[in-house]
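Notes follow once the structure below has been shown.
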There are 2 protein chains.
Amino acid sequence: MHDQAVRIKKANSARKGRDINVDLIAVVAAVSDWEPCVLTVGQRDSLPSGPFELSHRSLQSGLRDWVEQQTGHPLGYIEQLYTFADRDRIIAGREQRNISISYLALTRQDAIRMSRTSRWSSWYDYFPWEDHRSGAPAALRLLRPRLLAWAKGADNAAARRERRQRAAIAFGFDDRPWNEELTLQRYELLYEAALVEEAAADPKPSAAASLSGRTMVADHRRILATGIARLRSKIKYRPVVFELMRPAFTLLHLQRTVEALAGRLINKPNFRRLVEQQELVEETGETSLDTGGRPAKLYRFRHAVLDEQAVVGTKLPLSRA
Amino acid sequence: MHDQAVRIKKANSARKGRDINVDLIAVVAAVSDWEPCVLTVGQRDSLPSGPFELSHRSLQSGLRDWVEQQTGHPLGYIEQLYTFADRDRIIAGREQRNISISYLALTRQDAIRMSRTSRWSSWYDYFPWEDHRSGAPAALRLLRPRLLAWAKGADNAAARRERRQRAAIAFGFDDRPWNEELTLQRYELLYEAALVEEAAADPKPSAAASLSGRTMVADHRRILATGIARLRSKIKYRPVVFELMRPAFTLLHLQRTVEALAGRLINKPNFRRLVEQQELVEETGETSLDTGGRPAKLYRFRHAVLDEQAVVGTKLPLSRA
DNA sequence: TCCGCTTATATTCCGGCTGACAATAAACCG
DNA sequence: CGGTTTATTGTCAGCCGGAATATAAGCGGA
């Protein structure tokens, strides 16, 4: 196909393709009181979002506009997550294709001026099985038999083994290690096993909510899972945690924040060693007395590392236990 | 803002947003004769692409359709790369927004039936500074003074230092290690420094082509750089190389393939150790005599690892030298 | 046939990073 | 002033990754 032909073909279907709508949607994350939170809007839980319009200078600025409009505060750090094509839906009698471009945004919770309809909720309200800071959560123990039952329900022996193994890997059964990065796989597995409400034809709050977590509108919980997985992966090799910190913080604050995101505890001395030897932070000279015991030194992020290490390094001690 | 209001707002701008066109675009990669290649179409170098249409079942299937139509062969492994919003352009007198959803596809070169207008080109025709398998390439030595001159041309001392440092990190100046994953940053730096043709107002093949590489249509070279960076990063923790291998291969074949992608050499015994201890492959029982010396055992990929390790592990020995 | 060439395969050594644990320091509280 | 709490420093063994070395198995020509 010649360039000419390609161009004609593109022009044709640009005309046909008018019924494609492009949405921008944000997972806005923060940590407060050692709980990782996400910003939602509306009566039913929705992620802030809005259509991409001609007036937007770029995808990112369009997203910033929408979130600022819906929550009253500009965003700082954002990165693209994934682009989904939703199921078809009918608007004004015509078939309508909907594309969602999702972003992950990091901010400090107190940096958001609350509006009437936006609010923060803990990640773990939506994913109760994801928080392993106090050992394996109850939700996980309750899910296990259901997942095993689902695996048993497969057609043939091979499919049963395959389901069994997928569940074991994702959820750490059979003495496999818990891998906090598999948040998305876990959610998709539960969806496939019809153990989350969104999988039901008519979503309604049920008694199972405490087991399978709070639901969100449409596929928003899936997008949130994507964001959590991305963030849990990224904190291990990029200094993004600091987007969630106040200007000055103690090393324990920093550690608790990372633990909140990862949903697991980490070794204190080792954490300190890693942070210090990478020169991610510098002392402010002040100390914090809030802790009850010996006062902790306050640190601030060395913004210079963003230039120095650029993209490499910056590991946090989060491997399999 | 209430759900109701959100819905109305979305409906409104869906009506206004009709002039948004969505393109699917593919970086199709393969390795042959130890050269990493990309599939291009058209007279001028373009990546295979086409608009997303209502008839497509999903983004992925739309992409598969276009590539199959333009190159005559179905794709295997694909993964999403990034979504760009191009600059505005005018079609039929109306402002037109163009969104490109890019994908990375992996295949064996001989698995593509060549059509009249599609062809393979080495990555390193487009990015001559990226191949470090025979030491630092000539293009890199030639670019260095120009980059330093660009750094010197900044307004003030701080900006000069910042440019200097960015260039040093990206290209490994001042005894910094070469980091093969920074392909995209390097291209963007060269673009900013106006050292690649796309940055010029009217792109024309010039004598500098050997220095700054072959150009592509529009921003396609940038998308290719994104794909290369993603692949170079991904081979280190997922067994995706095998998508590029024939069913049976020697360990040296596998190593040379990884080296071609990474653009750097790796230590042979260490490579073997890593591949074997992860049980990524199993012997076929046959041997290959093509090599001239002692016959090499042939191996095949253990597809079971896709279920076992799922997402974790699978590291390849490619850290900073 | 034997020697040298080429490539494949196996083994060893070493340094650094990581995880687990222990010890000391500095505040507060009664 | 002793007990409690938290911060901070130190130690040690195991593993992993990188480099170098040694051995094996073909081929081809002298």
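Throughout, a chain's letter reflects where its sequence line sits, starting with A, and its residues are numbered from 1.
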Open item on the list: Against the six-membered ring of F249(A), is R300(A) placed for a cation-pi contact (under 6.0 Å from the centre, within 45° of the normal)?
Closed with: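 Geometry flag: not set, cation outside 6.0 Å or 45°.
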Without decimals, in angstroms, what is the distance between [X] [atom1] and [N] [atom2]?
X       : N       : atom1 : atom2 : result
L298(A) : dT8(D)  : CG    : C1'   : 15 Å
L265(A) : dC21(C) : CG    : C1'   : 17 Å
I266(A) : dG19(C) : CD1   : C1'   : 12 Å
L274(B) : dA19(D) : CG    : C1'   : 15 Å
N267(B) : dG17(D) : CG    : P     : 12 Å
Q255(A) : dT6(D)  : CD    : P     : 13 Å
L254(B) : dA8(C)  : CG    : P     : 13 Å
R256(B) : dA8(C)  : CZ    : C1'   : 12 Å

Open item on the list: Just so I know, are the side chains of L189(A) and R166(A) near enough to count as touching, which here means a heavy-atom distance under 4.5 Å?
Closed with: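 A side-chain contact exists here, since the closest heavy-atom pair is under 4.5 Å.
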Partners passing salt bridge (charged side-chain N to carboxylate O under 4.0 Å, His left out) against [X] (at least two apart in sequence or in another chain):
X       : value
K268(A) : none
R221(B) : E198(B)
R133(B) : E35(B), D131(B)
E286(A) : none

Task: Phosphate OP1/OP2 of dA8(C) contacted by K268(B) side-chain N/O (<4.0 Å) - done: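 Yes, because at least one side-chain N or O of K268(B) sits under 4.0 Å from OP1 or OP2 of dA8(C).
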Open item on the list: Nearest 0.5 Å, please: how far is CG in L252(A) from CD in Q255(A)?
Closed with: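 The distance works out to 5.5 Å.
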Task: Shortest non-hydrogen contact between L244(B) and A30(B), atoms and distance - done: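 For L244(B) and A30(B), the tightest heavy-atom pair comes out as CD2-CA, 3.8 Å.
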- [ ] Measure across A29(A) and W123(A) and return the closest heavy-atom pair with its distance rounded to 0.1 Å.
- [x]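 Taking every non-hydrogen atom into account, CB-CZ2, 4.2 Å.
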Give me, pair by pair, the N or O atoms of the protein and of nucleotides 9-11 of chain D that are less than 3.5 Å apart, along with how far apart they are.
none

Distances under 3.5 Å between nitrogen or oxygen atoms of protein and nucleotides 24-26 of chain C:
| unit_1 | atom_1 | unit_2 | atom_2 | d |
| --- | --- | --- | --- | --- |
| dA25(C) | N3 | R294(A) | NH1 | 3.0 |
| dA26(C) | O4' | R294(A) | NE | 3.4 |

